[in-house]
Amino acid sequence: MIEVRNLTKSYSNGEKAVDNISFTVGEGEILGFLGPNGAGKSTTMNILTGYISSTDGSAVIGGVDVLEEPIVAKRKIGYLPEQPPLYPDMTVDEYLRFIHELKKSKLPKNTHLNEICELVKVNDVRGRLIRNLSKGYRQRVGLAGALVGNPPILILDEPTVGLDPKQIIEIRTLIKQLGRNHTVILSSHILPEVQAVCDKIVIINEGKIVADGDLEGLRSRFKTETDEELSLEQIFIKLIYGEGII
Ligand code: ADP
Ligand code: MG
């Protein structure tokens, strides 16, 4: 469904934000995309969604090359960027109608938006100005926007950052639910969350992939003498910071 091949992004200062990374995501899979701050997660997601170009390599989304046919590829993707582009002076309902227009969705507007609002549970705030919403509700509205047009692929950049534990659980439940009929790439700092939600994990550091596979595969790479099962968090710390830190 998603094929990233030898993707590289260099900025004008010569620094490589993403350095020759390759991975694939199968249809219906939820991929956890992990890495410390500055690792290159948002850069990769911005390339996959056609917002910035790559310096080298390719990204193919549902058989369509993002660089060659950006508009066709974008239609297959619902993107929730790190800072969702919400308009604070619009109500939730106005915003979603606006996104429906913007995406030129052919789905019946009222029914489609009702379904989305039901799913992400924003019905009780549909008439409210976005500026007056809590962070948790704003994140749901951003997610609702990503779902407009029913794209089969969702790319979610740190969807739970800044949320409280209850809101995190709610968004996590929602992502799990969405994973039943979408292919999802999810970047996150919250490792237990990724462990709970994702089928597959890619860990990136300084622009390079340092691990790729399912949790069992990652665990077998780090078998301990006591046969203790490492958590994703322990594996992540070993990979990124080495053995000495804890
Ligand atoms: P992450 O999302 O994993 O925290 P990013 O993809 O945002 O990481 O950033 C990866 C690297 O690229 C960082 O070192 C960042 O400073 C650098 N970077 C991002 N955008 C630019 C830019 N426009 N110009 C130069 N360097 C950039
Ligand atoms: Mg980021």
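The chain is numbered in sequence order, starting from 1. Reckoned from all heavy atoms, side chains included, excluding hydrogens, waters and symmetry mates.
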Please list, one pair per line, the donor and acceptor atoms closer than 3.5 Å that link side chains of residues 205-217 to other protein atoms, with sequence neighbours excluded.
| residue | atom | partner | partner atom | Å |
| --- | --- | --- | --- | --- |
| K208 | NZ | D19 | OD2 | 2.9 |
| D214 | OD1 | G217 | N | 2.8 |
| E216 | OE2 | R219 | NH1 | 3.1 |

What pairs of donor and acceptor atoms, side-chain ones from residues 24-31 against any protein atom, are under 3.5 angstrom apart with sequence neighbours left out?
| residue | atom | partner | partner atom | Å |
| --- | --- | --- | --- | --- |
| E29 | OE1 | G26 | N | 2.7 |

Which pairs of donor and acceptor atoms, one on a side chain in residues 125-134, lie under 3.5 Å apart (sequence neighbours left out)?
| residue | atom | partner | partner atom | Å |
| --- | --- | --- | --- | --- |
| R126 | NE | D93 | OD1 | 3.1 |
| R126 | NH1 | N114 | OD1 | 2.8 |
| R126 | NH2 | D93 | OD1 | 2.9 |
| R126 | NH2 | N114 | OD1 | 3.4 |
| R131 | NE | D89 | OD1 | 3.3 |
| R131 | NH2 | D89 | OD1 | 2.2 |
| S134 | OG | Y137 | N | 3.3 |

Mind listing the side-chain donor-acceptor pairs of residues 69-82 below 3.5 Å, one per line with the distance, residues two or more places apart or on another chain?
| residue | atom | partner | partner atom | Å |
| --- | --- | --- | --- | --- |
| Y79 | OH | N46 | OD1 | 2.6 |
| E82 | OE1 | S42 | OG | 2.9 |

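Using a distance-only test at 3.5 Å, with no hydrogens or angles considered, no donor-acceptor pair links the side chain of T160 to the main chain of L163. Judged by distance alone, with hydrogens and angles left aside, the side-chain atoms of Q139 form no donor-acceptor pair with the main-chain N or O of G136 at under 3.5 Å.
Within a 6.0 Å radius of NZ in K121, other residues, nucleotides and ligands contribute 12 heavy atoms or fewer.
With sequence neighbours excluded, the residues that form a side-chain hydrogen bond (donor to acceptor under 3.5 Å, both in side chains) with S188 are E193. Shown here are the side-chain hydrogen bond (donor to acceptor under 3.5 Å, both in side chains) partners of N37, two or more places apart in sequence or in another chain: H189. Take F33 and apply the ring-ring contact (aromatic ring centres under 6.0 Å, His included) test, not counting sequence neighbours, and it matches F23. Q177 pairs by the side-chain hydrogen bond (donor to acceptor under 3.5 Å, both in side chains) definition with nothing, not counting sequence neighbours. Shown here are the side-chain hydrogen bond (donor to acceptor under 3.5 Å, both in side chains) partners of H100, two or more places apart in sequence or in another chain: S105.
Distance check: R97 CZ to T91 OG1 gives 9.0 Å after rounding to the nearest 0.5 Å.
Looking only at side-chain heavy atoms (C-beta outward), L34 and V194 come within less than 4.5 Å of each other. Two residues are said to be in side-chain contact when any heavy atoms from C-beta on lie closer than 4.5 Å; Q195 and E233 fail this criterion. Residues N150 and H112 are in side-chain contact: their nearest non-hydrogen atoms beyond the backbone lie under 4.5 Å apart. Contact annotation: the side chain of L186 approaches that of C198 to within less than 4.5 Å [non-hydrogen atoms, C-beta and beyond].
For the residue pair D157 and S187, a side-chain donor N or O sits within less than 3.5 Å of a side-chain acceptor on the partner.
Legend: ring pair (Phe, Tyr, Trp, His ring centres under 6.0 Å) pairs involving residues 157-180, not counting sequence neighbours: none detected. Pairs engaging residues 5-15 under the salt bridge (Lys or Arg N to Asp or Glu O under 4.0 Å) rule: E3-R5 [sequence neighbours left out]. Applying the salt bridge (Lys or Arg N to Asp or Glu O under 4.0 Å) rule to pairs touching residues 166-192 yields R140-E170, K166-E170, sequence neighbours excluded.
Partner P159 forms a side chain to side chain contact (heavy atoms under 4.5 Å, CB included) with one of I168, I175, L174, L143 and no other, that one being I175. The side-chain hydrogen bond (donor to acceptor under 3.5 Å, both in side chains) with N20 is formed by just one residue from the set N6, D56, T8; it is N6.
Taking every heavy atom of both residues into account, G145 and I99 meet most closely at O-CG2, 3.7 Å.
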